[in-house]
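Below is one structure, written out as structure tokens; the observations come after it.
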Amino acid sequence: MKTYSIYCTDRLETAQARLDARDAHFTHIEKVLDEILIAGPLVGPDGMTVGSLLVVKAKDAISARALLERDPYFKADIWADIRITEFDPAAGEWIGGKIW
């Protein structure tokens with residue numbers, strides 16, 4: 001398994017669509033929790049959600065994208081831009097220090 005970061009920015013005027021899909025989104029996240037290292041909303045200076053950030057375990061970028069495409073937020077067309085990049089956790093509290 002590899003690690004991938006998924007950085008999604010919201011389309012304009014998606015607050016209601018997010019709210020409408022939130023319960024289904026949470027249900028989806030609970031089903032795939034074992035594939036997620038960390039996930040949560042990106043918040044703008046006004047306190048409003050402006051996107052989503054996930055760090056996931058997947059076989060490849062195609063599998064990481066497939067995980068995201070099963071999310072009700074994806075199906076609600078909330079995200080304007082999605083960037084999936086292989087990520088190599090190298091340092092920090094969450095990984096217990098550093099890898100070198």
Side-chain angles (χ1 to χ4, degrees):
M1 287 293 199
K2 296 179 181 178
T3 304
Y4 290 88
S5 69
I6 304 175
Y7 185 90
C8 308
T9 53
D10 284 6
R11 296 184 187 285
L12 296 176
E13 309 298 324
T14 58
Q16 188 59 51
R18 261 187 181 276
L19 186 59
D20 293 345
R22 184 174 53 192
D23 288 344
H25 166 72
F26 288 159
T27 298
H28 165 72
I29 293 299
E30 289 176 9
K31 289 179 183 175
V32 297
L33 205 52
D34 61 328
E35 299 173 63
I36 297 173
L37 297 172
I38 191 79
L42 298 169
V43 180
D46 60 359
M48 299 298 294
T49 299
V50 296
S52 302
L53 174 67
L54 300 90
V55 178
V56 303
K57 298 179 290 184
K59 177 178 70 169
D60 51 34
I62 293 168
S63 300
R65 173 84 185 199
L67 173 70
L68 189 69
E69 288 183 3
R70 293 191 306 271
D71 192 308
Y73 282 174
F74 182 88
K75 294 173 184 174
D77 200 28
I78 288 171
W79 297 308
D81 185 50
I82 297 169
R83 296 179 191 176
I84 299 174
T85 307
E86 188 173 343
F87 175 64
D88 189 13
E93 181 180 337
W94 289 351
I95 68 162
K98 59 188 180 200
I99 63 170
W100 61 92

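For the numbers below, each heavy atom of this structure counts, side chains included, while hydrogens, waters and symmetry mates do not.
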*Is there a donor-acceptor pair under 3.5 Å between the side chain of Tyr4 and the backbone N or O of Ala61?*
yes
_Is the shortest side-chain heavy-atom distance between Leu54 and Ile38 below 4.5 Å?_
no
*asked:* To the nearest 0.5 Å, what is the distance between SG on Cys8 and CD1 on Ile84?
replied: 7.0 Å
*Would you indicate whether the side-chain heavy atoms of His25 and Asp71 approach each other to under 4.5 Å?*
yes
*Indicate if Ile95 and Trp100 have the same hydrophobic cluster label, given that clusters are the connected sets of ILVMFWY residues with side-chain heavy-atom separations under 4.5 angstrom.*
yes
_Pairwise side-chain contact, Phe74 with His28, heavy-atom cut-off 4.5 Å (strictly under)_ = no
*asked:* Contact between Val32 and Leu67 at the side-chain level, heavy atoms closer than 4.5 Å - yes or no?
replied: yes
*asked:* If hydrophobic clusters are built from ILVMFWY residues whose side chains come within less than 4.5 Å, do Tyr7 and Val56 share one?
replied: no
*asked:* Surrounding CD of Gln16 (heavy atoms of other residues, nucleotides or ligands, distance under 6.0 Å), is the total greater than 12?
replied: yes
_When you compare the side chain of Thr3 with that of Pro89, does any pair of heavy atoms fall below 4.5 Å?_
yes
_For Ala64 versus Ala58, what's the shortest heavy-atom pair and its separation?_
N-CB, 3.7 Å
*Is the backbone of Asp34 close enough, under 3.5 Å, to the side chain of Lys57 for a donor and an acceptor to pair up by distance?*
yes
*CD1 of Ile62: more than 12 outside heavy atoms within 6.0 angstrom?*
no
*What's the shortest heavy-atom distance between Glu86 and Lys2, and which atoms?*
OE2-CD, 3.6 Å
_Least distance between heavy atoms, Glu69 atom then Lys75 atom_ = O-CE, 3.7 Å
*Ser52-Arg18 side chain donor-acceptor pair, cut-off 3.5 Å*: yes
*Find out whether Arg22 and Tyr73 are in side-chain contact, i.e. whether some heavy atom of one side chain is under 4.5 Å from a heavy atom of the other.*
yes
*For the residue pair Leu42 and Thr49, establish whether any side-chain heavy-atom pair is separated by less than 4.5 Å.*
no
*Main-chain N/O of Asp10 paired to Thr14 side chain as donor or acceptor, under 3.5 Å*: no
*With distance as the sole criterion, is a donor-acceptor pair present between the side chains of Trp79 and Thr9 under 3.5 Å?*
no
*Can you list the steps and then say if Asp77 with Arg11 is a salt bridge (Lys or Arg N to Asp or Glu O under 4.0 Å)?*
CA-CA 8 Å; Asp77 200 28; Arg11 296 184 187 285; 3.1 Å; yes
*Determine, using the 4.5 Å side-chain heavy-atom cutoff (strictly less than), whether Ile78 and Ile29 are members of one ILVMFWY cluster.*
yes
*With side-chain contact (heavy atoms from CB on, under 4.5 Å) as the test, would you mind laying out the steps for Ile6 and Leu53 before giving the verdict?*
CA-CA 6 Å; Ile6 304 175; Leu53 174 67; over 6 Å; no
